[in-house]
Q: 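Dropping a structure here in structure tokens format, bear with me for questions.
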2 protein chains.
Amino acid sequence: MTEFGLSPIQATARDDAVLKALAGFVMREALGPGQRLPTERILAERLKVSRNTVREALTRWEGLGLVERRQGSGTYLKGVVSLDMLHMPLTLAGGNDFTSLMQTLEIRRALEAEAAALCAVRAGQADLVEIGRKLDIMEQAFHTRAGMSAEEDWEFHQSIYRSSGNPLFEQIIAAMHELFHRFWEHPLGVRDFGHASFPYHRTIYERIAAHDPEGARAEALKLIATVEDDLKRGAAKLELSGQK
Amino acid sequence: MTEFGLSPIQATARDDAVLKALAGFVMREALGPGQRLPTERILAERLKVSRNTVREALTRWEGLGLVERRQGSGTYLKGVVSLDMLHMPLTLAGGNDFTSLMQTLEIRRALEAEAAALCAVRAGQADLVEIGRKLDIMEQAFHTRAGMSAEEDWEFHQSIYRSSGNPLFEQIIAAMHELFHRFWEHPLGVRDFGHASFPYHRTIYERIAAHDPEGARAEALKLIATVEDDLKRGAAKLELSGQK
DNA sequence: ATGGCTCAATGGTCCAACCAATTTCTGCAT
DNA sequence: ATGCAGAAATTGGTTGGACCATTGAGCCAT
């Protein structure tokens, strides 16, 4: 089973050519997230290809999360694109059951701890300010709305991933966040879900601010542990009520 | 900025509906990798949608690596599809450079350590035998071929992920494995790349066999650290030779 | 200002062709 | 019968044009 360093040539490459051209355009124009890019009709005309071809190309970018299409409005950049991008599409077969949730939590434990540690090492002053701001917002939301601070909680964690100096953390966790949302939509949780994890948000922040990677890692691990406990409690309650 | 518990309704969903129907079809027919699925024209007719819509849907699956289209032949399954799939398109800006490799290594450090620890807790006797076997094969390959044991090395690590009791570890790391392959194809590394990491494979195995999670985690971290060092040495050498 | 109206712009879908690669069939030479 | 070259059918890839659905901007009456 010898392995040659050859990848099969692409029989047709119109779509890829379109994307390459478009990536070049985005770089030349220095377009960033949120910006609108040319309409499909314009692209088709300029690139001398059918609009359908343009659409297939954009569909690929959309699937990769690089772009967002809004009917009636336009197509907008959602991420940073460059000519040399490497895509690692990852699809996981995961359901809404307890086991799947627990498995994603194990991944999150691994990544969250590492991200917190890296953040403690690399975060600059501006990063710390931003994280602290998100923390304040979250704590305020927690107190005023008594617990329902899922959105603010998420933004706090996101700011940590973002300051880890490694965009992969944010990307991976973001996908898992979606899975959790799926779960919460199904009304099968305990009442005050993230309640117990609340105090650890501040302790994590403090360890990061003190540039103490191992301390930050430890606090992050504690936080995940409380979420796991909540999940187990929810599962036990479900068991009791005799769910399928 | 009040946040209602409402998610924006999906304006259009033809493509998604097509994919859902197709996923259902694949499951009912118990189709697996390598199998051919119906023609675009047939799908369009059966699902009462335009062939264009079918194509956009299949383009998405193709981008996700779930399917492979061969002009003149047909569309073939490349992976396992199910109705409840979670997609995580990971995008790395800047393909083969040092930074990208380092970033994937940071992810791998987080996951590898956690997987080793979990494996030490959950691995049964059969798992240990399997891991030990892979280790023997790798060590033998290392000695006979003097270092070039990338394939066997990979299989050893895979066996650990597989015994971690959480399939997500293997899937995530597998996606990154491809990136490393690409890197090695480019002849820009130090000569004996994985050399220094060799002894830690056995120490990891020993800690797992002893059901010592923290020990296993520590050894895994040491292993990754040596790889990071190798990478840094390679990068420094590149710097010296004045590469673009 | 506010709410409703029109209207142009834009993405979403459809159709009917034709092109290009592949596979299958056919028929002839051996 | 067998083997093989060429024709024909199959299948994904591309094109052009049409129409629908949503959005957003401009306008107007209230």
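Within every chain, numbering begins at 1; the chains are lettered A, B, ... in the order of the sequence lines, protein sequences first and strands thereafter.
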Q: Does B:E68 have any side chain to side chain contact (heavy atoms under 4.5 Å, CB included) partners at least two apart in sequence or in another chain, and if so, which?
A: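 If we apply the side chain to side chain contact (heavy atoms under 4.5 Å, CB included) test to B:E68, skipping adjacent residues, the hits are B:R70, B:K78.
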Q: Answer yes or no: are there more than 12 heavy-atom neighbours, outside A:Q35 itself, under 6.0 Å from its atom CD?
A: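 More than 12 heavy atoms, drawn from other residues, nucleotides or ligands, come within 6.0 Å of this atom.
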Q: Nearest whole angstrom, please: distance from the C1' of C:dT24 to the CZ of B:R36.
A: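 After rounding, the gap between these two atoms is 12 Å.
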Q: Test of understanding: with side-chain hydrogen bond (donor to acceptor under 3.5 Å, both in side chains), list the residues that count as partners of A:E106, not counting sequence neighbours.
A: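 Per chain and number, A:E106 pairs via side-chain hydrogen bond (donor to acceptor under 3.5 Å, both in side chains) with B:R122, B:N166.
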Q: Could you tell me the separation between the CG atom of B:N52 and the P atom of D:dC19, rounded to a whole number of Å?
A: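 From B:N52 CG to D:dC19 P: 17 Å.
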Q: Where along residues 39-51 of chain B does a heavy atom fall under 4.0 Å from DNA chain D?
A: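 Within residues 39-51 of chain B, the residues near DNA chain D are B:T39, B:E40, B:R41, B:R51.
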Q: Can you figure out which of D:dA21, D:dG12, D:dT15 approaches the side chain of A:Q71 most closely?
A: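 The answer is D:dA21, which lies nearest to the side chain.
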Q: With sequence neighbours left out, which residue pairs that include part of residues 165-174 of chain B fulfil the salt bridge (Lys or Arg N to Asp or Glu O under 4.0 Å) condition?
A: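 The answer is B:R162-B:E170.
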Q: Among residues two or more places apart or on two chains, list those pairs meeting salt bridge (Lys or Arg N to Asp or Glu O under 4.0 Å) that have a residue in residues 27-37 of chain A.
A: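 Residue pairs passing salt bridge (Lys or Arg N to Asp or Glu O under 4.0 Å), neighbours aside: none found.
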Q: Are A:S73 and D:dT22 close enough that a side-chain N or O sits under 4.0 Å from OP1 or OP2?
A: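 So the side chain of A:S73 is outside the cut-off, no N or O lying under 4.0 Å from OP1 or OP2 of D:dT22.
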Q: Quick one: B:L58 CG to D:dG12 P, roughly how many Å, whole number?
A: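 The distance from CG of B:L58 to P of D:dG12 comes to 8 Å, rounded to the nearest Å.
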Q: Provide, to the nearest angstrom, the distance between the CD atom belonging to B:E56 and the C1' atom belonging to C:dC14.
A: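 My rounded result for the distance is 12 Å.
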Q: Tell me the interatomic distance from A:R70, atom CZ, to D:dG24, atom P, rounded to whole angstroms.
A: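 Nearest whole value for this atom pair: 7 Å.
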Q: For B:R51, enumerate each residue passing the side-chain hydrogen bond (donor to acceptor under 3.5 Å, both in side chains) test, keeping only those at least two apart in sequence or located in another chain.
A: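 Scan of B:R51 (side-chain hydrogen bond (donor to acceptor under 3.5 Å, both in side chains), adjacent residues dropped) gives B:E40.
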Q: Send over the distance from B:R55 CZ to D:dT14 P, rounded to a whole Å.
A: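 Taking atom P of D:dT14 as the reference, CZ of B:R55 is at 7 Å.
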Q: Nearest whole angstrom, please: distance from the P of C:dG11 to the CG of B:D15.
A: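 About 15 Å, once rounded to whole Å.
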